[in-house]
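The sequence lines fix the lettering, A, B, ..., with proteins before strands; numbering per chain opens at 1.
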Amino acid sequence: MLTKRIIPCLDVRDGVVVKGVQFRNHRVMGDILELAQRYRDEGADELVFYDITASSDNRVVDKDWVRKVAKILDIPFCVAGGIRSVDDARRILNDGADKISVNSPALERPAFISELADAFGVQCVVVGVDTRVEDDGSLAVYQYTGDETKTLKAKHNTLDWVREAQRRGAGEIVLNCMNNDGVKQGYDIAQLKAVREAISIPLIASGGAGDMVHFKDVFEQAHVDGALAASVFHSGQIPIPDLKAYLNDNNIPARQ
Amino acid sequence: MTQRDLVIIDSGGANIASVLFAFERLGQKAVLTADPDKINAASHVILPGVGAAADAMTKLRAQDGLIDCIRGLTQPVMGICLGMQLLFSFSEEGDVDLLGLIDGRVSKFKQHSADMTIPHMGWNNVVLEQPDHPLLQNVGQNVGQNPAQSPFFYFVHSYRADMNDHTIGRCTYGDDFTAIVARGNVAGCQFHPERSGKAGAKILENFLAL
């Protein structure tokens with residue numbers, strides 16, 4: 001049976017793992033390779049590395065650590081941040097990453113998604129979507145969220161954008177729910193459910209995990225394929241083996 | 001471990017580095033090449049691949065003599081992911097004839113329920129149909145017909161090979177398909193053993209021991 005994926009996310013800035021609250025006020029959480037190794041050993045299903053400054057600073061993620069991570073990991077990993085061309089993506093995949101994730105550059109030029117899918121296959125292409133529930137209840141996509149001074153609302157409605165991303169060749173969507181990010185009150189079930197119903201490619205929930213029950217809820221209620229979290233894993237608050245045992249006890253298949 | 005003369009066929013796919021690194025972790029060096037002479041001279045050959053079947057066949061055809069070379073190999077050969085699919089006769093992905101080393105068809109997953117997302121992406125368990133096969137030694141607990149106890153591997157694909165007489169590992173997603181195949185000197189894994197933890201590494205190690 002296909003298991004639900006538990007995916008620690010490592011936000012990388014200047015070669016170290018950091019974590020902020022609602023995309024802001026970043027503090028250092030640790031060394032990239034040490035954390036990667038720890039999660040491999042704890043039974044993480046996959047890792048995501050986001051270079052959170054890259055897109056807004058207009059530079060590609062540093063290649064150096066991608067290769068090092070690829071050498072030690074025997075689980076898949078995805079690299080995100082500042083991938084603006086097929087060549088940028090090729091370098092990262094050739095260094096051993098399994099997937100690349102694009103966000104702001106895909107919003108600037110949606111055809112970029114198709115170019116990546118044509119070059120590497122849809123299975124390599126993840127589209128990250130930073131989305132916020134607006135005061136009027138509508139869902140809006142934001143871009144350049146790595147830098148609060150540059151963050152702006154994109155013209156897309158979230159549901160339209162995920163459909164377009166799928167149509168253009170995305171193999172997976174990571175939905176970062178900005179209202180919930182870092183506040184540990186649970187995933188945005190309603191929004192994830194709406195997105196789940198809009199697309200047929202895998203969907204990964206991101207933003208809001210604070211307790212094991214939040215993972216159970218998002219898998220049971222929003223039917224997502226994986227759940228991504230950062231600080232609850234980095235801090236050791238939720239040990240991955242405990243989380244997986246808990247999910248299996250609740251009839252949610254997890255790889256142990 | 002004894003060093004083998006391992007060659008990874010340079011099929012232009014994007015997962016070649018991870019395959020190389022996986023063998024490095026086992027202490028095994030590998031040469032990346034599309035040169036038929038070097039491939040013929042190897043003791044063990046890996047055919048990697050990600051992407052689309054038709055593109056991959058076009059790339060193999062572009063290299064003079066490469067397809068005939070692969071078809072004529074007598075040493076252990078293992079296809080990984082798309083590389084495994086290429087071993088079969090025909091793929092619906094681009095309606096293309098494949099290498100034809102193993103009879104069988106590759107077709108797209110059919111969505112059996114709304115929850116069944118495609119690509120099939122993530123860790124799924126594989127029931128070892130022939131647990132005594134040399135490739136499957138100590139890969140996981142056996143297993144028998146109890147899927148809950150069979151080993152997990154990491155899959156990423158939208159097309160899959162039907163079950164056939166040479167299926168030695170079976171996976172289920174919507175319906176059953178071939179996860180591991182072996183016929184004579186030729187074998188293949190639909191999942192990524194290089195990204196499938198200890199169970200995946202064990203399969204690569206078993207392959208080198210063939």
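- No part of A:Lys4 comes within reach of chain B, as not one of its non-hydrogen atoms sits under 4.5 angstrom from that chain.
- B:Glu24 touches chain A through its side chain: at least one heavy atom from C-beta onward sits under 4.5 Å away, while N, CA, C and O do not.
- No hydrogens or angles considered: nothing links the side chains of B:Asp10 and B:Thr33 as a donor-acceptor pair under 3.5 Å.
- A donor-acceptor pair shorter than 3.5 Å can be found between the side chains of A:Asn103 and A:Asp130.
- If you measure heavy-atom distances from A:Asp45 to chain B, the contacts under 4.5 Å come from both the backbone and the side chain.
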### Message
Is there a ring-ring contact (aromatic ring centres under 6.0 Å, His included) between B:Tyr154 and B:Phe191? Walk through the geometry before answering.
### Response
CA-CA 5 Å; B:Tyr154 184 75; B:Phe191 50 80; over 10 Å; no

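- With respect to chain B, the highest number of heavy-atom pairs below 4.5 Å among A:Ala70, A:Pro76, A:Ser200 belongs to A:Pro76.
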### Task
In sequence, state the C-alpha distance, the side-chain angles, and the governing distance for A:Tyr246 and A:Phe215, and then conclude on ring-ring contact (aromatic ring centres under 6.0 Å, His included).
CA-CA 10 Å; A:Tyr246 166 82; A:Phe215 289 87; 8.9 Å; no

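- With hydrogens and angles left out, the side-chain atoms of B:Tyr159 and B:His120 include no donor and acceptor closer than 3.5 Å.
- By number of non-hydrogen pairs under 4.5 angstrom with chain B, the leading residue of A:Glu172, A:Gln123, A:Arg40 is A:Gln123.
- Atoms CD1 and NZ, on B:Ile118 and B:Lys110 in that order, are 9.5 Å from each other to the nearest 0.5 Å.
- A:Ile72 touches chain B through its backbone: at least one of N, CA, C or O sits under 4.5 Å from a heavy atom, while the side chain does not.
- Residue B:His192 does not touch chain A at all, counting heavy-atom pairs closer than 4.5 Å.
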